[in-house]
Amino acid sequence: MTDCLFCKIVSGDVPATIVRESAGAVAFRDINPQAPTHVLVIPRDHHPTVGELAASDAELLAELVREAHGVAVDEGVAETGYRVVFNTGAQAGQTVFHVHAHVLGGRGLNWPPG
């Protein structure tokens, strides 16, 4: 999609601090971090929501989750704990409609979330 911010990051048209890449996914630092570790993991292909991705390409969704865990390992938070969040829909806080997993860690993460 030509107007999708995350598609532009994947294509290199918008800069981002890339921390991990795989065949189907790109992980980069969030520009407004909510924890010491806050990395977004996105598919290279455009899918608006996690539900739509799950319905169309379950293997790519599994790759996103594997990459999210890889980010946690690389960032040193896998042993102490981390959270993976998919906001789905505007009411849930999704602002960019290109599915993305937030990997959060490096501090206590209270429950329930905000």
Side-chain angles (χ1 to χ4, degrees):
M1 294 189 63
T2 58
D3 63 341
C4 174
L5 173 63
F6 290 172
C7 287
K8 290 177 181 178
I9 288 173
V10 169
S11 70
D13 293 334
V14 170
T17 304
I18 307 294
V19 298
R20 190 173 175 88
E21 294 185 75
S22 68
V26 176
F28 55 92
R29 298 211 181 277
D30 193 293
I31 62 168
N32 184 26
Q34 301 300 304
T37 293
H38 190 168
V39 173
L40 302 180
V41 182
I42 66 171
R44 292 180 183 275
D45 296 335
H46 184 86
H47 298 271
T49 68
V50 69
E52 291 176 61
L53 175 58
S56 66
D57 194 340
E59 186 55 38
L60 181 55
L61 177 57
E63 183 175 348
L64 288 187
V65 174
R66 283 191 302 271
E67 290 303 311
H69 177 69
V71 166
V73 170
D74 293 349
E75 296 286 315
V77 298
E79 294 297 318
T80 56
Y82 64 97
R83 185 173 289 162
V84 178
V85 177
F86 289 94
N87 296 327
T88 305
Q91 193 167 2
Q94 185 176 7
T95 58
V96 177
F97 285 83
H98 181 126
V99 64
H100 52 287
H102 295 259
V103 180
L104 300 149
R107 69 167 173 82
L109 299 169
N110 297 325
W111 195 260

Q.
Please determine whether residues L104 and V41 belong to a single hydrophobic cluster, defined as Ile, Leu, Val, Met, Phe, Trp and Tyr linked transitively by side-chain heavy-atom distances below 4.5 Å.
A. no
Minimal heavy-atom distance between L60 and P43, with the atoms involved, is CD2-CB, 3.7 Å
Closest non-hydrogen contact found for V39 with A27 is CG1-CB, 3.9 Å
inquiry  = Between F28 and I42, is the side-chain contact (heavy atoms from CB on, under 4.5 Å) condition met? List the steps.
reply    = CA-CA 9 Å; F28 55 92; I42 66 171; 3.7 Å; yes
Under a 3.5 Å threshold, yes or no: a donor from one side chain and an acceptor from the other, between E63 and S22? yes
Between H102 and D30, is any pair of side-chain heavy atoms under 4.5 Å apart?
-> yes
Heavy atoms of H69 and A78 approach each other most closely as CE1-CB, 4.3 Å
task: Using modelled atom types only, decide if a donor and an acceptor are shared between the side chain of Q94 and the backbone of P48 within a distance under 3.5 Å.
output: yes
Exercise. Group every Ile, Leu, Val, Met, Phe, Trp and Tyr by side-chain heavy-atom contacts under 4.5 Å, then state whether L40 and V103 land in the same group.
Key: no
Output for pair (R20 CZ, D74 CG), nearest 0.5 Å, gives 4.5 Å
Note to self: For a salt bridge (Lys or Arg N to Asp or Glu O under 4.0 Å) check, start with the C-alpha distance between E75 and R29, then their side-chain angles and the critical distance, and finish with the verdict.
What the structure shows: CA-CA 11 Å; E75 296 286 315; R29 298 211 181 277; 2.8 Å; yes
* Are V84 and V19 linked, directly or through other ILVMFWY residues, by side chains that come within less than 4.5 angstrom of each other? -> yes
For V10 and R44, the nearest pair of non-hydrogen atoms, with its separation, is CG1-O, 3.9 Å
- prompt: Do V71 and L53 share a hydrophobic cluster, counting only Ile, Leu, Val, Met, Phe, Trp and Tyr and linking them when any side-chain heavy atoms are less than 4.5 Å apart?
  reply: yes
Between P33 and H38, the two heavy atoms sitting closest are CA-ND1, 3.4 Å
- Show your reasoning for whether side-chain contact (heavy atoms from CB on, under 4.5 Å) applies to V14 and L5. CA-CA 8 Å; V14 170; L5 173 63; 3.9 Å; yes
Taking every heavy atom of L109 against every heavy atom of Y82, the minimum-distance pair comes out as CD1-C, 4.5 Å
Look at the side-chain heavy atoms of Ile, Leu, Val, Met, Phe, Trp and Tyr, link any pair under 4.5 Å apart, and say whether V50 and F97 land in one connected group. no
**Prompt:** Is R107 reaching over with its side chain to a backbone N or O of P36, donor-acceptor style, under 3.5 angstrom?
**Reply:** no
Between H100 and H98, is the ring centre distance below 6.0 Å?
-> no
